[in-house]
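Encoded as structure tokens, the structure appears first; notes follow it.
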Amino acid sequence: MRPAWAVEPIGISPGDVALDLSGAVEIYRDQGTNFQVSTAPGADGIVRRIEVEAQDEQATGDWAVFALANTTDEQIDRLIVAPHFRFVRSGMLWPDLGSQRIRAITPSEGFALDRQESRDGDTFLVTLNPGAVVTFVAELSSRSLPQIYLWEPDAYKDTVNSYTLFRGIVIGIAGLLALFLTILFVVKGTSLFPATAALAWATLAYISIDFGFLGRFIDITPGSEQLWRAGSEVALAATLVVFLFTYLNLNRWHERFSYGMLAWVLGLAVIGAIAFFDPSIAAGIARVSIGATAVVGAGLIVYLGLQGYDRAIMLVPSWLMLLVWCTGSWMAVTGLLNNDIVQPAIGGGLVLIVLLLGFTVMQHALSGSPLFQGLFSDMERQALAISGSGDIVWDWDVLRDRVITKPDISRQLGLPAGSLHGPVRSWLPLLHADDRDAFRTTLDAVLELRRGRLAQSFRLRGADGHFHWLSLRARPAVGSDGEVIRCVGTLVDVTEQKKAEERLLHDAVHDNLTGLPNRELFLSRLDATISMCGQENNIRPTVFVIDIDRFKQVNDELGISAGDTILLTVSRRLHRLLKPGDALSRVAGDQFAMIIVSEQDPARIATVADAVRQAITAPITFARREIVLTPSVGLVSWTSSQNSAEEMLKDAELAMHQAKREGGDRIEPFRPAFRSVGTDRLQMESDLRRALDRKELRLDYQPIIRLTDDGIAGFEALLRWEHPRRGSIAPSDFIPVAEESGLIVQLGLFAMQQAAEDLHDWQAQLGELPLFMSVNLSSRQLIRRDLVGDVRSVIARANIKPHCFRLELTESLVMDNPEQSTHVLSRLKQLGIGISLDDFGTGYSSLAYLTRFPIDTIKVDRSFLEDNSAKGSLLLKSMVSMAHDLGLEVVAEGVSTEADVRQLRQIGCEYAQSFYFGTPADADASLRLLTEHKEMPEREDA
């Protein structure tokens, strides 16, 4: 190991109170745990070598060497002091946040120095004999030794005590300030106080750590001191940003300030977390943030102050001090300022700045308090109220007939200045024609009655020709002779208010989308028209009610925007059909109503109705696709028996509903019988809702025969309703009602569950028969998302095999929405059930879609079997052959003779279903029929 060179000793005398040894100390890096050094020449001039062994197991290998010489004949006691932390020269980006500096000091002669108790630094007591020259080897605990002093013990004690007093005063002021601002926040509740209080508490934490005050209450070890110091500096930086943002209320200027502040504070929070791993980096970034906040804040204060923002102007003195403090702190940490009072001065300056900020905040927050408000006279208060309201003062000097407005109303109207200052009659030419008489009459009445109040709204024409609504509120002043000498009041521009009222009145009786009159305005106009029918014979109104078929489906599939486009297009087309005297209205979602008074002849009315139909059926283009719609039109012409608009509109609606019941796309004139139909349908819907609970619904089963052996292959479940008063109601009567009301979903689920349970009971009693059960499916069920789940639940509850269960749906039902049908049927097919296509050949008969749908069976309509011609037979044979080629089975309906059976067997048809083989029967009768068919083969075998 290479020995170090001898050092130059520093002479000391009793008069030396404090010596800075930092420049005389030699630092040796990475010398290991054993360190050899040559001593300074002693009194005899001999240079010796000593070896020192490290006392710390985790020694850094860094050593410091210095020598002291007592040049007097007296014994001298001194303290060697190495402060743990010094703000001066601590660094900007990666600051030295303090730690234990010296582990032990070994002199070249005598015993190791005694460590004195101290929280602020490493303190060792050394005694120098007269004329002694001693070399000291210090084992360093950290890589740096910022400063080392040699103090006279009593002087060092006095200095520490004096700083303790100063530090206590500063900490006390900071604590009281933080507590006071917190209490103000609780009392006042404004957002300025919590931001300022947070800054005050952060400052208190910083100086408490910097002055070593916090260590008296919390055990802060030298190793954790860096974390506490870094955390306090990060908190100080974050609260300074929050204070600047809150005080200047930057979010009122632009929301980007909010995002910037939030990002800044979140970044500092992340830095605070980094402090647990590297406190120096966190403290360095916090110091840069404080400087950046001071500079950015200065720029904002200057900019906002030039804009006349009072908060920014009030903050100028405090922020100037902050800039000075930041400059001084920067000079200190970089070493440009280097003395013992810099560090406590920096802490005291920070508290002074926060104190000034607190006073500024209190001055601003409490400036609106009643303590700072002056007292106003009644006249001053009234003048201030008028000025604050923005109203115009209207002053009419009656004796001189001169009107004055303050501010000048002429400028607001775009007229030359003072053009309305003069006789009151000069206002009349600018008044709206409808308001002139009322304005003149009101002024005359006030003059004649010598009392009262002017309260009138009128319109004045501006320079651009547009009228402005003005509201005048004034009172007369009566002289000693009882005559009116003056009228003084306020003039308010209420143009926007009047426009808003007009819009509200318009929207109250008009449709917001199409702008057409709504139902209420339509009825009002119809009432007015009907009232004229008794006076004029040539007025005979006809009311049309137009409903767009399948509009809800289009709206659901294409979206609301498509529906709005359709309604706007239809309203424009219908409006073009109107003639003078006619009226058009939107009375409901997709329903329009028309009053036709221009035509009286029934033939001409029929022509108008046909024109309405053609206007709606014309294709509508939306998103590069054509939408073709059809209407259901109901109409009624006025008769002397009709006295109210409500009754006439209701009759037209009944005719429209009858047109929809007939399949839509038709025009239906009103007939009195429709009134009872509507009532019957409502009653039927009401009864149908209770039919399930009352067990009035049941299932009948019609057998489906296997043509190869005349055995029963399966059944089709048919829904029946036994009404307690009406008796048996045909499905053709109640199924449409169920479709319209939405009850078909409950009825369909009931039919599926009951049919599946009856099939399970039959198989349980007769064994595993090769039977299938077919249940009809409605359009409402097909479009429901829960259909697949319902079918799965039905099969599971009844405990039947999926292949024994089939669903039947018509060809037209599938083709209404082929894409949706394909998706739903594919999911149903995955359950393992069968799918039958009913009434094949009577609908669209699209063979392309037939290959896409997962269908097992097609049911040929009875019309093909009833056609006994050669072409009919060929067509039937072709349909069966095509089905077989596609892998489908065929069920023929409408078999009535044995010849039909032979024909079907010859062409290979698998199944037949008709009254020829059996009428629909209930579950018990169907079970007996199955039992008979099962026993017949057994008797034949016997």
Side-chain angles (χ1 to χ4, degrees), residues 379 381-510 512 515 517 520-521 524-525 528 580:
M379 186 169 293
R381 187 179 297 108
Q382 292 173 10
L384 184 61
I386 294 176
S387 176
S389 66
D391 294 350
I392 298 172
V393 177
W394 185 82
D395 183 6
W396 178 29
D397 187 344
V398 178
L399 297 180
R400 293 189 298 167
D401 191 18
R402 180 175 177 80
V403 175
I404 298 294
T405 57
K406 293 292 183 179
D408 190 1
I409 186 63
S410 304
R411 296 183 179 274
Q412 186 172 330
L413 298 175
L415 301 173
S419 58
L420 288 177
H421 288 175
V424 72
R425 63 176 177 272
S426 63
W427 287 54
L428 297 178
L430 297 178
L431 281 167
H432 193 280
D434 296 339
D435 300 332
R436 290 172 189 166
D437 292 340
F439 182 75
R440 188 187 303 111
T441 302
T442 303
L443 294 182
D444 292 343
V446 170
L447 296 179
E448 291 177 5
L449 297 175
R450 302 183 184 89
R451 56 187 173 84
R453 177 176 299 185
L454 286 173
Q456 186 180 15
S457 296
F458 51 85
R459 286 161 285 184
L460 278 179
R461 186 177 64 249
D464 56 0
H466 293 87
F467 284 93
H468 295 251
W469 275 98
L470 299 172
S471 176
L472 175 63
R473 299 289 184 272
R475 298 189 68 174
V478 180
S480 57
D481 57 354
E483 298 294 331
V484 175
I485 60 174
R486 208 177 196 91
C487 278
V488 181
T490 59
L491 199 62
V492 182
D493 189 334
V494 292
T495 304
E496 293 300 324
Q497 178 181 343
K498 288 292 184 179
K499 289 181 178 178
E501 292 176 359
E502 291 174 359
R503 285 195 298 268
L504 288 174
L505 291 174
H506 180 274
D507 293 343
V509 292
H510 287 81
N512 291 331
E520 286 72 18
L521 185 54
S524 177
R525 290 182 177 178

Q: Specify the closest pair of heavy atoms between Asp435 and Gln456, including all atoms of both residues, with the distance to one decimal.
A: O-NE2, 4.4 Å
**Q.** Closest non-hydrogen atom pair between Phe467 and Leu430, with its separation
**A.** CE2-O, 3.9 Å
Q. Are Arg473 and Ser471 close enough that a side-chain donor and a side-chain acceptor fall under 3.5 Å?
A. yes
Q: Dump the intermediate steps for side chain to side chain contact (heavy atoms under 4.5 Å, CB included) on Glu483 and Val478, then the final yes or no.
A: CA-CA 5 Å; Glu483 298 294 331; Val478 180; 5.8 Å; no
Q) Is atom NE2 of His432 surrounded by more than 12 heavy atoms (other residues, nucleotides or ligands) closer than 6.0 Å? A) yes
Q: Kindly indicate whether the side chain of Arg459, heavy atoms from C-beta on, has any atom under 4.5 Å from the side chain of Asp434.
A: yes
Q) Do NZ/NE/NH1/NH2 and the carboxylate oxygens of Asp395 and Arg486 come within less than 4.0 Å? A) yes
Q) What do the steps show when you test His468 against Asp493 for side chain to side chain contact (heavy atoms under 4.5 Å, CB included), and what is the final call? A) CA-CA 7 Å; His468 295 251; Asp493 189 334; 3.8 Å; yes
(Q) Using every non-hydrogen atom in the two residues, find where Leu420 and Ser410 come nearest and quote the distance to one decimal. (A) N-OG, 3.2 Å
Q.
Any non-hydrogen side-chain atom of Leu413 less than 4.5 Å from a side-chain atom of Leu460?
A. yes
Q: Verify, without hydrogens or angle tests, whether Thr495 (side chain) and Trp469 (backbone) share a donor-acceptor contact under 3.5 angstrom.
A: yes
Q) If you take all heavy atoms of Ser426 and Gly422, which pair is closest and at what distance? A) OG-C, 4.3 Å
(Q) Are there over 12 heavy-atom neighbours, none belonging to Arg436, within less than 6.0 Å of that residue's CZ? (A) yes
Q: Applying side chain to side chain contact (heavy atoms under 4.5 Å, CB included), run through Val446 and Leu443 and close with a yes or a no.
A: CA-CA 5 Å; Val446 170; Leu443 294 182; 5.9 Å; no
Q. Is there a donor-acceptor contact under 3.5 Å from the side chain of Ser419 to the main chain of Pro416?
A. yes
Q) Hey, does Phe458 have a side-chain heavy atom less than 4.5 Å from the side chain of Leu472? A) yes
(Q) Return the OG1 to CG distance between Thr441 and Asp444, rounded to the nearest 0.5 Å. (A) 6.5 Å
Q: Measure up the Phe439 and Trp427 rings against each other and bin them: parallel (under 30°), tilted (30 to 60°), perpendicular (over 60°).
A: parallel
Q) Mind checking whether Pro517 and Arg525 have side chains closer than 4.5 Å, heavy atoms only? A) yes
Q. Where is the tightest heavy-atom contact between Gly462 and Leu415, given as atom of each residue plus distance?
A. C-CD2, 4.4 Å
Q) Is there a side-chain contact between Thr490 and Ile392, using heavy atoms and a 4.5 Å cut-off? A) no
Q) Going through the checks in order, is the side chain to side chain contact (heavy atoms under 4.5 Å, CB included) test met by Trp396 and Ile404? A) CA-CA 6 Å; Trp396 178 29; Ile404 298 294; over 6 Å; no
(Q) What I'd like to find out is whether the side chain of Val494 reaches to under 4.5 Å of the side chain of Leu470, using heavy atoms alone. (A) no
Q. Can you check whether His421 reaches Arg402 side chain to side chain, under 4.5 Å on heavy atoms?
A. yes
Q: Check whether any side-chain heavy atom of Ile485 lies under 4.5 Å from a side-chain heavy atom of Val398, and answer yes or no.
A: no
